[in-house]
Amino acid sequence: MKTAILPPNETSLFLAKRLIERGEVVAFPTETVYGLGANAFEDDAVRKIFSLKGRPSDNPLIVHVHESFDYSELIDGEMPYVKALKEAFLPGPLTMIYPSTNKVSGLVSCGLNTLAIRVPSSPAAQAFLRAVSLPIAAPSANLSKHVSPVTAEHVFEDFEGKIPLILDGGACLGGIESTVLDCTGEVPLLLREGLISREMIAKVAGDCKLYRLQRGEKPKSPGLSYRHYTPRCETSYYREDELTKAKDTYLKEEANGGEPYFLCRSEILPALSGMRAFDLGSTAEEMAHRLYYLLREAEKRATLLIGIEPKIEGGASGGVLNRMRRAFGAAE
Ligand code: TXA
Ligand code: MG
């Protein structure tokens, strides 16, 4: 199969609609990362997503809809705090989990009785979702465990010849996946941190708990239990107060004929005295925007990527640190 990469316009959106109606899979940009979308009502279409990605069959998918899509039939009521959250953050990088009416394919939620819904804000995502006018089940458009894609080229790297169409909306502004919030309980429960932080949610909803997986427990969000976002090169990981050790590791790799790179925040660069480094920027939002892009660059150039955990607080820092630790295999 030939994989077309087309900017979203009348012709490509018409093609996207036809492909989705035929049960095919189409990649599309959002404000967070690129998604791999299929008609959420069709078992066979949803099954294709799992097999293309090599995704474990117990890791549920998010359903994406456009801003004025009425999804009240897909969910079985909503908690009182949901209205305020929708007004504050939607459309945007917040996925909310509701009790499901099981109208979409049972494969979407992998047999759970809940449904995750996301209303992305990027104009390209909105245009695609409006054109198809169907709920679209979509995970990030990367092979399972690989780094999530933030450009159409990243999607192409993982799915060339495997999918018919990638809608190219340029680089994603947000850069890390949406915040995932379980809205089925009395208090919203944060399952995956993202650009919208726990503090921002608590301010609007009155409270917000952060979900922590207990040892031996079945995770509420099955995706949380897998290693994720991994670049395809050797990695090691240090704190900012371990720079001496990190530099030793760099020099050893170089002495062995390798090509090591650091990945760190801008403020650390002067201390690395001319060694090769990828610059994450200074704020958590900058880091979110650059992280996956740089991890994909690193795997093309570095034999060893040495991550230096940035000292950051507030805003998107929870989401950034979570992704970074998991990319470097340093998550607790
Ligand atoms: O920003 C994003 O959310 C991107 C773009 C494409 O929208 N999508 C994305 O999808 O990151 P994915 O499949 O890579 O991650 C979805 C996460 C997984 O951790 C999954 O376990 C969780 O959402 N999830 C989905 N449905 C769920 C449900 N019913 N209950 C608990 N967790 C759920
Ligand atoms: Mg993913």
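Whatever order the structure lists them in is the order used to number ligands and atoms, beginning at 1. Computed over heavy atoms, backbone and side chain alike; hydrogens, waters and symmetry mates excluded. Quick note: residue numbers are just sequence positions, from 1.
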Does the ring centre of Phe262 sit less than 6.0 Å away from the ring centre of Tyr250?
yes

Can you list the atoms of ligand 1 that are under 4.0 Å from a heavy atom of Gly35?
6 (C)

Proximity to ligand 1 by part of Arg55, non-hydrogen separation under 4.0 Å:
side chain

Within the distance-only criterion (no hydrogens, no angle test), does the side chain of Glu24 pair as donor or acceptor with the backbone N or O of Leu19 below 3.5 angstrom?
no

Can you confirm whether or not the ring centre of Tyr292 sits under 6.0 Å from the ring centre of His154?
no

How about NZ on Lys2, more than 12 heavy atoms from neighbouring residues, nucleotides or ligands closer than 6.0 Å, or not?
no

Do ligand 1 and Tyr34 have nitrogen or oxygen atoms that lie under 3.5 Å from each other?
no

Any idea which atoms of ligand 1 are less than 4.0 Å away from a heavy-atom of His64?
5 (C), 6 (C), 7 (O)

If you measure from atom 29 (N) of ligand 1 to every heavy atom of Thr114, Leu189, Val108, Asn113, which option wins on shortest distance?
Thr114

Ionic contact status for Asp158 with Arg296, cut-off 4.0 Å:
yes

Please determine if Glu21 and Arg18 form a salt bridge, counting it only when a charged side-chain N lies under 4.0 Å from a carboxylate O.
no

Between Tyr238 and Thr249, does the side-chain hydrogen bond (donor to acceptor under 3.5 Å, both in side chains) criterion hold? Intermediate values first, please.
CA-CA 10 Å; Tyr238 295 95; Thr249 304; 2.5 Å; yes

I want to know if ligand 1 touches Asn59 in the polar sense, i.e. an N/O pair below 3.5 angstrom.
yes

Please check: side-chain N/O of His289 versus main-chain N/O of Cys172, any donor-acceptor pairing under 3.5 Å?
yes

Under 4.0 Å from ligand 1, counting heavy atoms only, is it the side chain of Leu61, its backbone, both or neither?
backbone

Can you sort out which atoms of ligand 1 are near Ser140, meaning under 4.0 Å from one of its heavy atoms?
8 (N), 9 (C), 10 (O), 12 (P), 14 (O)

Any N or O on Lys53 sitting closer than 3.5 Å to an N or O of ligand 1?
no

List ligand 1 atoms under 4.0 Å from Ile97, heavy atoms only on the residue side.
27 (C), 28 (C), 30 (N), 31 (C), 32 (N), 33 (C)

Polar protein atoms near the Mg ion (ligand 2) [N, O or S; cut-off under 2.8 Å]:
Ser140 OG

Is there any salt bridge (Lys or Arg N to Asp or Glu O under 4.0 Å) pair reaching into residues 261-279, and which pairs are they, with sequence neighbours excluded?
Glu240-Arg265, Glu254-Arg276, Arg265-Glu267, Asp279-Arg290

Please determine if Thr30 has a nitrogen or oxygen closer than 3.5 Å to a nitrogen or oxygen of ligand 1.
no

By number and element, which atoms of ligand 1 are closer than 4.0 Å to a non-hydrogen atom of Pro139?
6 (C), 10 (O), 12 (P), 13 (O)

Residues Glu177, Arg323: salt bridge by 4.0 Å N-O rule
yes

Under 4.0 Å between a Lys/Arg side-chain N and an Asp/Glu carboxylate O for Asp44 and Arg47?
yes

If the plane angle is over 60° it's perpendicular, under 30° parallel, otherwise tilted; pick one for Phe328 and Tyr237.
parallel

